[in-house]
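First up is the structure itself, then whatever we jot down about it.
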Amino acid sequence: MQKYPEVYSLEESLAILDKYKGQITQEQYEAIQSNIGNFAIEDMYLNEKDIVDNIRILKGEVTANECIADLKKEWGCI
């Protein structure tokens with residue numbers, strides 16, 4: 001499994017999102033941008049994996065529950 005570096009600011013998260021701007025619709029971009037902002041309010045910053053997961057969910061490639069199950073497996077919770 002690929003490791004993604006931690007992110008420590010809203011600007012870093014938004015810069016990562018900008019890398020994917022050409023691969024998603026404006027509506028999807030704005031939804032993820034809003035999600036990033038909501039997490040940043042709590043001093044939590046989405047890294048590239050989080051953003052890629054958001055994109056996959058919005059494109060209908062996976063469900064949020066599947067992403068959560070993958071995280072639980074990764075963390076050894078199940």
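Note that the coordinates shown come from a computational prediction; the quantities given were computed from them, not determined experimentally.
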Report the distance from atom [atom1] of [X] to atom [atom2] of [Y], rounding to the nearest 0.5 Å.
X     : Y     : atom1 : atom2 : answer
Asp53 : Leu46 : CG    : CG    : 10.0 Å
Asp43 : Leu10 : CG    : CG    : 10.5 Å
Asp18 : Ile51 : CG    : CD1   : 9.5 Å
Glu12 : Leu17 : CD    : CG    : 14.0 Å
Glu74 : Asp70 : CD    : CG    : 8.5 Å

Query raised in the report: Are Tyr4 and Met44 co-members of a hydrophobic cluster defined by side-chain heavy atoms under 4.5 Å apart?
Result: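 Met44 does not cluster with Tyr4.
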Query raised in the report: Does Ile57 share a hydrophobic cluster with Phe39, counting links as ILVMFWY side-chain heavy atoms below 4.5 Å and allowing steps through other members?
Result: no
Requested in this report: State which residues pass side chain to side chain contact (heavy atoms under 4.5 Å, CB included) with Gln26; sequence neighbours excluded, sorted by chain then number.
Outcome: Lys21, Tyr29, Glu30
Closest non-hydrogen atom pair between [X] and [Y], with its separation:
X     : Y     : value
Ile16 : Asn47 : CD1-C, 4.2 Å
Ala40 : Tyr45 : CB-CE2, 3.8 Å
Ser13 : Ile36 : CB-CG2, 3.6 Å
Val62 : Cys67 : CG2-SG, 3.6 Å
Glu66 : Thr63 : OE1-N, 2.7 Å
Lys49 : Leu71 : CE-CD2, 4.3 Å

Requested in this report: Given side chain to side chain contact (heavy atoms under 4.5 Å, CB included), test Leu14 with Gln33 step by step and report yes or no.
Outcome: CA-CA 7 Å; Leu14 292 173; Gln33 185 179 41; 3.9 Å; yes
**Report entry** Donor-acceptor pair, side chain of Asn35 and main chain of Ala31, under 3.5 angstrom
**Finding:** no
Query raised in the report: Does Glu27 CD have over 12 foreign heavy atoms under 6.0 Å away?
Result: no
Requested in this report: Check the surroundings of atom NZ in Lys59: do more than 12 heavy atoms from other residues, nucleotides or ligands lie under 6.0 Å from it?
Outcome: yes
Query raised in the report: Would Glu48 and Tyr20 count as having a side-chain donor-acceptor pair, cut-off 3.5 Å?
Result: yes
